[in-house]
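Please read the structure below before turning to the comments.
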2 protein chains.
Amino acid sequence: MNQSGESLRDRKKRQTRTALERATVRLAAERGYDNVTVEEIAAEADVSVRTFFNYFASKDEALIGADPEAGPRMAERILAFPGDVTPFDAYRRSVLAEITDELNNARDLWLLRKDVVMQRPDLLVRAFANSAESEQLLASAVAARAGLPESHLYPRLLVSAGSAAFRCAVTRWAADDSLALGDVVGEALDLFGAGLAHVPPYHHEGGTS
Amino acid sequence: MNQSGESLRDRKKRQTRTALERATVRLAAERGYDNVTVEEIAAEADVSVRTFFNYFASKDEALIGADPEAGPRMAERILAFPGDVTPFDAYRRSVLAEITDELNNARDLWLLRKDVVMQRPDLLVRAFANSAESEQLLASAVAARAGLPESHLYPRLLVSAGSAAFRCAVTRWAADDSLALGDVVGEALDLFGAGLAHVPPYHHEGGTS
DNA sequence: CTGCAAACTTGCAGTGACTGCAAAAAAGTC
DNA sequence: GACTTTTTTGCAGTCACTGCAAGTTTGCAG
């Protein structure tokens with residue numbers, strides 16, 4: 001019964017996973033991240049506490065909705081671009097594509113996460129701390145594309161810059177409703193691309209930049 | 001009795017603080033970070049567990065030796081440079097100065113921390129997660145110097161890039177004994193300064209870069 | 001549809017980080 | 001030496017997280 005690629009089991013697993021994720025985000029946004037216990041989250045999703053930890057290694061991970069496939073997916077994307085695309089561009093496009101997908105799939109969740117992040121900005125950093133494994137994958141992909149050894153600083157810096165861009169962008173996005181998250185991330189990556197030695201122009205009071 | 005600027009009390013506090021820090025790092029390097037309990041650390045430093053938590057908010061903080069004065073100190077340095085120094089250079093120099101000082105004061109600790117980080121790279125990221133407050137200070141200083149509003153992406157990105165540079169540099173430093181940490185951080189910051197769109201040259205097997 | 005194996009869920013008991021509180025012990029002051 | 005302010009400590013409690021050993025559900029073959 002897996003011609004559709006997804007058995008009953010798989011479907012149920014996906015369901016509990018997203019139920020837990022949504023419960024976590026919803027409750028955290030509603031009454032503050034650390035006023036919510038895993039027990040409450042599990043109850044909300046109608047599973048046992050132990051099951052929560054079968055799906056997520058930590059409360060943090062559930063909040064951010066850590067997707068174990070995101071790393072491999074992005075790495076593949078990076079390598080799939082035609083040869084004349086620079087490593088930076090490949091990485092940049094890959095990140096933006098991922099964000100677009102994510103927002104299309106769960107924009108509502110990100111709106112709630114925004115509230116949580118506004119209360120506790122450190123959560124975003126902490127959540128990214130656990131993705132060292134994925135980052136390693138991305139760094140390898142970048143290294144391959146750039147013709148550099150894995151030990152080189154550049155690939156790791158580029159990937160770190162990516163998550164920094166994302167984190168800063170979320171903060172900025174949270175503060176200004178009128179912006180699209182993808183655009184802000186793109187802008188941040190551009191600053192990294194152009195070099196931080198170059199201070200970007202800023203027109204006081206003149207939003208046509 | 002505080003003409004020397006430091007009373008008995010202050011001296012003792014400093015002593016317990018560094019004793020706890022050293023105990024944490026030493027034990028963690030010796031037998032692995034999570035095979036060490038706070039109870040053991042406290043015992044090693046001859047204080048109670050409760051006292052440990054009077055000095056450090058978490059085990060992570062003790063491992064990294066989080067210095068609450070580092071943020072203000074660096075911010076001050078950034079603002080103190082003459083006016084013709086660019087924001088990037090001011091930040092860069094400030095970071096390198098801090099690292100130099102730190103290594104001069106506690107090089108042995110950093111050598112041990114290196115071992116711990118090699119076992120668990122995520123600890124470094126997590127440790128930096130709690131410094132959101134300091135980062136805000138630095139970002140403000142950079143913003144002031146760059147003539148940008150605090151809400152602008154640039155200052156935050158520069159500061160994030162700084163910690164990314166530091167984290168990547170430590171990793172690289174841990175893997176190659178022959179390098180000086182300060183140099184690697186400087187190199188990383190230079191890559192950020194020049195722009196990541198530019199892939200650095202790499203001479204296969206020719207260390208004259 | 002039955003019986004078996006693999007995957008998933010659950011409860012339970014335990015560890016360890018971390019907190020608030022109130023009392024003991026120093027340290028500084030006069 | 002009494003008095004105030006800090007610092008240390010013990011204690012009780014909460015909560016995240018883990019390993020283990022059932023119990024339950026799903027997949028599959030006969």
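Here is how names work: the chains are called A, B, and so on, in the same order as the sequence lines, proteins then strands, and each is numbered from 1.
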Around atom CD of E133(A), are there more than 12 heavy atoms of other residues, nucleotides or ligands at under 6.0 Å? no
D10(B) side, atom CG; S7(B) side, atom OG - distance, nearest 0.5 Å: 3.5 Å
Could you list by number each residue of residues 58-71 of chain B showing a heavy-atom separation from DNA chain C of less than 4.0 Å, or answer none if no residue does? S58(B), K59(B)
Mind calculating the distance between CZ (F52(B)) and P (dG16(C)) to the nearest angstrom? 15 Å
Residues, nucleotides or ligands: over 12 heavy atoms within 6.0 Å of R14(A) CZ: no
Does dG30(D) pair with anything, Watson-Crick or G-U wobble, both distances under 3.5 Å, and if so, with which nucleotide? dC1(C)
Taking CG from D34(B) and C1' from dA16(D), how many angstroms apart are they, rounded to a whole number? 15 Å
How are the rings of H152(B) and Y154(B) set to each other: parallel, tilted or perpendicular (split at 30° and 60°)? perpendicular
Length of the line joining L20(A):CG and dT9(C):C1', which is rounded to integer Å: 12 Å
For R126(A), is there an ion pair with D122(B) - N to carboxylate O distance below 4.0 angstrom? no
Flag the pair R120(A) and D34(A) as a salt bridge only when some basic side-chain nitrogen lies within less than 4.0 angstrom of an acidic carboxylate oxygen. yes
Separation of dC20(D) atom C1' from F53(A) atom CZ, nearest Å, is 17 Å
Spacing of R14(A) atom CZ relative to dA7(C) atom C1', expressed in whole Å: 16 Å
Presence of salt bridge, D67(A) and R17(A), under 4.0 angstrom: no
Short N-O contact, E44(A) and R22(A), less than 4.0 angstrom: no
Can you tell me the distance, in whole Å, between the CG atom of N35(A) and the C1' atom of dT14(D)? 13 Å
Roughly how many Å is it from CD in Q15(A) to P in dT9(C), rounded to a whole number? 12 Å
Please determine if R26(A) and D108(A) form a salt bridge, counting it only when a charged side-chain N lies under 4.0 Å from a carboxylate O. no
Between P on dT19(C) and CZ on F56(B), what's the gap in Å once rounded to a whole number? 14 Å
Under 4.0 Å between a side-chain N/O of S7(B) and OP1 or OP2 of dG28(C), yes or no? yes
Counting primed atoms, P, OP1 and OP2 as sugar-phosphate and everything else as base, the B/S/- map of nucleotides 5-12 of chain D against protein heavy atoms under 4.0 Å is BBSBBBB-
